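First the structure, in the form of structure tokens, and then the observations on it.
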Amino acid sequence: MAAPGTGAGVNRMAWPFRGGVRLSRHKEHVAGKPSRELPLPPRLVYPLRAHIGLPATPAVRVGQRVLKGECIATPPSYVSQAVHAATSGTVVEISSQPVAHASGMPDTCIVIEPDGEDRAVDRWPALDYESEAPAVLQARIVEAGIIGMGGAGFPSHVKIREGMSQAVAVLIINGVECEPYVSCDDCVIRERPAQVVAGARILKRAVQAQACIIAIEEDMSEAGDALLPFLDADITLARVPAIYPAGAEKQLIVALTGIEVPTRGLPIQAGFIMQNVATTFAVYDAVAAGHPLTSRMVTVAGGVAEAANMWARLGTPVSHLIDACGGAPSNARLVIGGPMMGTAVHDERVPVGKTTNCVLAMTEVAASAPVMPCIRCGECVERCPVGLQPQALYEFARARDWDSAQDWRLFDCIECGVCAYVCPSRLPLVHYYRYAKSEIESLERADHTAAELRERFQARRQRLSRAETERMGDAVDQVVRPQREQPQADKSSATNALRAEVAAAVARGRTRRRTLRSSPGGPSPPDPEAKPE
Amino acid sequence: MTVWLAIAALAALAFSGGRLLAASGACRSTVGMVERIDALLPQTQCGRCGYAGCLPYAEAIARGEALINQCPPGGEATIRALAELLGEEVLPLDPAFGATAPPQVVIIDESLCIGCVKCIQACPVDAIIGAPKQMHTVIAAACTGCELCIPPCPVDCIATVPLPTAIGEWKWPRPEPAPA
């Protein structure tokens with residue numbers, strides 16, 4: 001598995017990935033412009049649930065005063081993340097708030113009202129990545145609450161831990177911003193190239209990768225120029241043609257190395273680790289500067305008066321960003337993320353999170369032509385970057401044929417939207433795949449619950465039959481033991497007759513109970529041995 | 001004459017082939033069939049099918065005693081799965097056994113509970129914990145919403161609670177159908 005190129009070389013993509021589509025870039029509005037800072041918002045909202053893993057546990061109470069950088073929620077398990085306050089203020093609520101979820105449902109959040117003073121906790125001591133052990137670097141990344149900021153939100157320390165225990169051939173820093181409008185990573189590279197490269201070195205040391213490539217798109221020329229002075233034999237630059245979705249994890253690996261990560265597999269299994277540019281910057285900020293993750297670059301674009309890249313504190317409601325860009329028309333549709341893979345939200349109070357790379361106010365929605373039947377043109381098959389059969393998956397999803405959908409690799413779909421984009425009949429293909437995936441996952445959860453219930457039912461059955469046997473044994477003992485112990489005793493016939501009657505009565509009662517209990521649907525008859533109320 | 005013999009032979013072949021095809025769904029009395037049927041049932045243990053739990057219902061189906069459309073919590077999906085397993089026709093859910101209800105659990109009003117253990121004895125999955133004269137409480141995660149505990153309660157302190165969908169269990173809705 002040879003790493004392409006050595007020295008401060010610049011490599012062009014050598015292996016085209018299959019499919020994909022060229023999209024209009026829509027990045028002219030922010031090209032070359034510096035990023036902007038935002039004034040403090042009136043409140044900051046922190047959802048406890050990140051994209052992946054268990055929700056964080058609050059570490060603060062309502063009414064508590066917190067400082068900037070203070071940890072307000074801790075991860076309850078390995079696959080989870082810490083949350084930190086982005087400014088000083090008071091915790092006013094821990095309650096259900098609007099969040100950027102496709103369902104439109106609210107979720108539990110910590111709400112902080114800033115006090116305007118922006119006082120911070122002391123920074124952590126800077127770590128010298130060249131001398132510190134990888135485990136120490138990983139611990140700092142956990143503490144800082146860093147998750148994948150390219151969109152997936154996978155806890156970074158988990159990825160790095162896997163990298164520590166398995167051989168990593170290539171660490172790839174993903175600056176391939178392939179979605180239209182989104183240019184936040186480009187801005188971070190242009191403005192903080194030294195820190196991005198330093199972050200790459202820290203990660204390379206943490207996972208002990210043999211090589212490291214920073215990948216950007218061909219047309220990110222300013223970003224490339226900014227990086228060049230800081231590159232060397234250890235860290236090289238690769239330029240990739242601007243074909244959507246070149247920035248998708250597995251597609252980028254193919255583009256740079258020609259190696260396909262196996263179906264349902266992880267890149268680490270093929271010796272690759274990929275981290276987004278923003279994540280890499282956050283790693284530098286945590287390890288070398290001693291700050292937890294409390295802000296990120298966000299592109300605000302679309303129908304806003306003045307599109308811009310902004311450094312936004314995490315927890316800022318997106319309405320604050322849109323207002324800072326001159327506002328948007330009232331009929332604009334809000335999208336968190338890019339136009340291809342973003343989530344539509346209907347409440348502008350949703351907060352900026354660690355994975356919020358872009359806020360779009362969409363005013364130019366494609367003329368809604370009616371949805372027509374599939375004509376088997378095959379465009380979707382040609383363009384699918386994963387090599388799936390979108391038209392077959394569509395038919396299976398429509399027919400609720402979950403088994404076939406899985407056989408045809410439904411869960412390998414990355415929901416990039418290329419198939420829906422090229423479909424001449426305007427079929428909502430990705431919507432069908434998401435529907436199918438969530439139905440299948442729901443069935444799996446139901447199966448899991450059913451298995452537990454089955455166990456409980458069986459256990460109760462066994463418990464009852466054991467109790468039955470014991471009771472029978474006791475009743476028999478009561479009658480038989482006295483007879484055994486005094487086999488020669490001269491018993492009066494009256495005592496014998498009494499014992500026999502008692503034994504018969506016990507047996508009758510037992511039979512009656514058993515019959516009643518096994519009759520369908522009815523409640524258990526009262527247990528004569530239970531104490532009366 | 002030979003022609004008639006040939007026709008008769010072919011007819012016999014076709015007939016036995018047809019019988020083979022008809023029996024291609026698993027026979028109800030196949031070994032291990034009870035477990036395979038039980039694996040498709042929702043394990044609500046409510047008894048609405050007329051049997052004291054899902055396993056007894058599975059046993060009844062395997063014996064040929066019960067039809068496959070008697071399970072309201074399982075609904076259409078379970079009927080279809082059973083039909084496929086047994087090679088039988090899909091039947092509509094028999095309304096005599098009830099209607100499919102949304103998911104629910106039960107809750108005990110602790111201010112009214114007298115600690116009589118009648119609900120504990122009634123629960124088919126032992127989802128209620130407690131002891132005589134001690135407070136009883138329902139383990140919501142283990143409760144199937146079967147409602148078998150409600151009739152025995154002498155103080156009527158058990159109520160059903162619909163189970164709202166948590167954000168982590170939300171499902172994408174089915175897209176609007178395209179014109180055929």
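These numbers were taken from a predicted model, which means no experiment stands behind them. Residue numbering restarts at 1 for every chain, and letters A, B, ... go by the order of the sequence lines.
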Worksheet, complete the sentence: What one should report as the nearest heavy-atom pair of A/Val45 and A/Cys109 is CG1-CB, 3.6 Å
Worksheet item: With only heavy atoms counted, which part of A/Pro106 is less than 4.5 Å from chain B, the side chain, the backbone, both or neither?
Response: backbone
Discussion item. Can you confirm whether more than 12 heavy atoms, excluding those of A/Glu455, are under 6.0 Å from its CD atom?
Written reply: no
Fill in: Over all atoms of both residues, closest heavy-atom pair of A/Trp408 and A/Leu388
O-CD2, 4.1 Å
Worksheet item: For the candidates B/Gly53, B/Cys146, B/Ala142, which exhibits the highest count of non-hydrogen atom pairs separated by less than 4.5 Å from chain A?
Response: B/Ala142
Worksheet item: If you count heavy-atom pairs under 4.5 Å with chain A, which of B/Thr165, B/Thr144, B/Asp126, B/Thr44 comes out on top?
Response: B/Asp126
Item to complete: Identify which part of A/His431 has an atom lying under 4.5 Å from any heavy atom of chain B, answering side chain, backbone, both or neither.
Response: both
Worksheet entry | Contact origin within B/Gln45 toward chain A - heavy atom pairs under 4.5 Å | side chain
Discussion item. Please identify, among A/Arg463, A/Glu452, A/Glu441, the residue contributing the most non-hydrogen atom pairs under 4.5 Å to chain B.
Written reply: A/Arg463
Worksheet entry | Interchain contact, B/Ala166 with chain A, by part (heavy-atom threshold 4.5 Å) | backbone
Worksheet item: Heavy-atom distance under 4.5 Å to chain A: side chain of B/Pro132, backbone, both or neither?
Response: neither
Worksheet item: If you round to the nearest 0.5 Å, how far is SG of B/Cys71 from CD1 of B/Ile79?
Response: 8.0 Å
Worksheet item: Would the number of heavy atoms belonging to other residues, nucleotides or ligands and lying under 6.0 Å from CH2 of B/Trp170 be above 12?
Response: yes
Fill in: Contacting moiety of B/Cys123, where chain A heavy atoms sit under 4.5 Å
backbone
Discussion item. Around atom CD1 of B/Ile107, are there more than 12 heavy atoms from other residues, nucleotides or ligands closer than 6.0 Å?
Written reply: no
Worksheet item: Where does A/Ala102 contact chain B at under 4.5 Å (heavy atoms): side chain, backbone, both or neither?
Response: both
Practice prompt. For B/Thr78 and B/Glu76, test the side chains for any donor-to-acceptor distance below 3.5 angstrom and give the result as yes or no.
Written response: no
Discussion item. Please classify the contact of A/Ala397 with chain B as side chain, backbone, both or neither, using a heavy-atom distance under 4.5 Å.
Written reply: backbone
Worksheet item: Any idea which of B/Leu41, B/Asp38, B/Ile167 has the most non-hydrogen atom pairs under 4.5 angstrom with chain A?
Response: B/Ile167
Practice prompt. Look at A/Arg434, A/Met105, A/Gln458 and state which one has the largest set of heavy-atom pairs under 4.5 Å with chain B.
Written response: A/Arg434
Worksheet item: Should the heavy atoms of other residues, nucleotides or ligands under 6.0 Å from CZ of A/Arg461 be counted, would the total exceed 12?
Response: yes
Worksheet item: Between B/Lys171 and A/Tyr435, is any pair of side-chain heavy atoms under 4.5 Å apart?
Response: no
